[in-house]
Amino acid sequence: MWKRVNKSMVGVDIGSSSIKAVELQGKNGDFQLVSLGYEPLEPDSVVDGQIMELNSVSNAIANIFTEHKIKTTRVAAGVNGHSVIVKNIVLPQMSSDELKESFAWHAEEHIPFDISDVNLDYHVTGDSDDAIHVLMAACKRDKIANLKQAIQLAGKQPAVIDVDAFALQNCYELNYAPQPGQVVALLNIGASTTNINILNGERSVFTRDASFGGNQYTSLLQKELGLTFEQAEQVKRGMPLPVGIEDREIAPILETVSDILALEVQKTMDFYRATVEDGSSAVERLLVSGGGSKLAGLMEFLSKQFDIPVEVFDPFRKIKIDSRGFDPEYMRDIVPEMAIAVGLALRGVDAR
Ligand SMILES: Nc1ncnc2c1ncn2[C@@H]1O[C@H](COP(=O)(O)OP(=O)(O)OP(=O)(O)O)[C@@H](O)[C@H]1O
Ligand SMILES: [Mg+2]
């Protein structure tokens, strides 16, 4: 899953509410945005990262390529959710050949699925006299097959399958050039999943996908105020309220859900604190992306909860965008949603 392929590729992020596509060009950190596409999906087209409606998803992918005249057919896509297991494991010192031979055997105890049903990958992150530290990623084969099928049905070539949390990390490394020792939590709040990746410098120390997302705000608004999904979405985004609904009713509902998010983040930070050796490196900063990050007041809420700086993640911080080709106002609005697609697109260019 981790090989860097220096061939033109489009990052296609298939989310549960929409598909995002990004194409970049350039090298050595001098990147330029070539194409950017966004196509909404019908609810339930994608459930827990599983593509349920293959035809509508592949049509949406094909539409993006047609509409934005994207010629590149190679695609980098990502997996997330319960079928993906990412873990830092410590193994006894051995040669790289021995590691390759025995990795599946070592990994087995960390994977709650049959080992023959998963695709395995690993990356050595540290080496000492008697141990090697390995970051392991496993994903159910049927999930990868499902993703590849949607891409192929759209007439494109699934060239790279990454893990969403790593794509997010790649995007962060390019844009923020973190120093070793800087502990930052990346939070990508989607419609149904929140990817959390805690990094020390460029090393992922803990990652987890929480079953939390913007949909939870929408469904509580629907339930409490008797609204349709569309109405609740509008209310959540701060649009004019439907007749009979009062402004003061909204904030407490939103806050109930933000409390759930804060609990998820706290839980992840606690897991992380329990796994670090010296226990001293607390998370210094939160960088938040995903459509869910656009909820009014959320950044302030999280900053107050955790008493650390919380910022909106900018996936294009170090990427040039020509304002003649991309409307700055549209870009400002859509940027938070693009973090994973940018991270995936980076797999197709030489990011070092
Ligand atoms: N202005 C806004 N205010 C609040 N929420 C918003 C706003 N704009 C978008 N959202 C929410 O962001 C979510 C979509 O975000 P995103 O596109 O990152 O999700 P996704 O990638 O489709 O989903 P997932 O990754 O969870 O499968 C939706 O719940 C949507 O309602
Ligand atoms: Mg998403």
Side-chain angles (χ1 to χ4, degrees), residues 11-22 36-53 56-57 60-61 64 77-84 143 146-147 150 162-168 171 186-197 208-222 227-240 250-251 253-255 257-258 260-261 264 287-302 312-313 315 329-330 332-344:
V12 176
D13 172 18
I14 304 175
S16 57
S17 73
S18 64
I19 298 180
K20 299 89 167 159
V22 167
L36 178 121
Y38 176 96
E39 189 83 18
L41 291 174
E42 289 295 321
D44 297 327
S45 302
V46 178
V47 179
D48 186 29
Q50 183 79 17
I51 300 167
M52 311 303 271
E53 302 294 337
S56 57
V57 168
I61 299 174
I64 291 180
V79 286
N80 68 34
H82 300 303
S83 316
V84 185
K143 178 114 164 187
N146 169 257
L147 184 59
D162 203 342
V163 173
D164 282 356
F166 296 154
L168 188 62
C171 186
L186 308 179
L187 216 64
N188 181 65
I189 310 171
S192 57
T193 303
T194 294
N195 320 104
I196 310 173
N197 194 346
R208 154 170 190 260
D209 287 342
S211 300
F212 175 92
N215 283 341
Q216 257 151 293
Y217 293 95
T218 314
S219 51
L220 196 62
L221 286 167
Q222 267 183 271
L227 304 174
T228 64
F229 178 84
E230 287 73 21
Q231 285 175 317
E233 276 286 321
Q234 302 287 317
V235 169
K236 181 172 77 169
R237 294 170 193 230
M239 310 283 195
I250 311 301
I253 301 174
L254 298 180
E255 200 164 317
V257 184
S258 291
I260 301 172
L261 171 65
E264 287 292 347
L287 282 175
V288 193
S289 58
S293 70
K294 299 202 281 195
L295 183 79
L298 185 62
M299 299 297 110
E300 296 76 9
F301 172 86
L302 290 171
V312 177
F313 181 103
E329 204 177 321
Y330 175 72
R332 259 193 302 281
D333 186 50
I334 206 76
V335 150
E337 274 105 320
M338 292 294 167
I340 287 183
V342 170
L344 292 169

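Atoms within each ligand, like the ligands themselves, are counted from 1 in listed order. In this text, all values refer to a predicted model and were calculated from it rather than measured experimentally.
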Practice task
Examine ligand 1 and decide if any of its atoms is less than 4.0 Å from a heavy atom belonging to Gly292.
Solution key: yes
Practice task
From the options Cys171, Ser293, Pro336, select the one residue that forms a side chain to side chain contact (heavy atoms under 4.5 Å, CB included) with Phe313.
Solution key: Cys171
With heavy-atom distances below 4.5 Å as the criterion, would you say the side chains of [X] and [Y] are in contact?
X      : Y      : result
Val335 : Pro315 : yes
Met52  : Asp44  : no
Val257 : Leu295 : no
Gln222 : Thr218 : yes
Ile340 : Asn195 : yes

Need the ligand 1 atom indices (1-based, order shown) with element for anything under 4.0 Å from a heavy-atom of [X].
X      : value
Ser18  : 17 (O), 22 (O)
Asn215 : 29 (O)
Glu233 : 30 (C), 31 (O)
Gly290 : 18 (O)
Gly15  : 20 (P), 21 (O), 22 (O), 27 (O)
Ser16  : 20 (P), 22 (O), 23 (O), 24 (P), 26 (O), 27 (O)

Just distances here: any N/O of [X] and N/O of ligand 1 closer than 3.5 Å?
X      : answer
Asp13  : no
Thr193 : yes
Thr218 : no
Gly291 : yes

Looking only at protein heavy atoms, which one is nearest to [atom], and what is the separation?
atom                    : result
atom 19 (O) of ligand 1 : Ala191 N, 3.1 Å
atom 5 (N) of ligand 1  : Lys236 CE, 3.6 Å
atom 30 (C) of ligand 1 : Arg237 NH2, 3.4 Å
atom 8 (N) of ligand 1  : Lys294 CE, 3.4 Å
atom 22 (O) of ligand 1 : Ser17 OG, 2.6 Å
atom 17 (O) of ligand 1 : Lys20 NZ, 2.8 Å
atom 25 (O) of ligand 1 : Gly190 CA, 4.0 Å

Quick check against the 3.5 Å criterion: does [X] have a side-chain atom that pairs as donor or acceptor with the backbone of [Y]?
X      : Y      : value
Lys294 : Asp333 : yes
Lys143 : Asn80  : yes
Asn215 : Ala191 : yes
Thr193 : Gly190 : no
Lys236 : Gly214 : yes
Asp13  : Lys20  : no

Practice task
Mind checking whether Glu337 contacts ligand 1 via backbone (N, CA, C, O), side chain (CB onward), both or neither, at a 4.0 Å heavy-atom cut-off?
Solution key: side chain
Fill in the blank from the handout: Candidates Asp164, Leu295, Ile14, Leu41; heavy atom nearest atom 4 (C) of ligand 1 found on Leu295
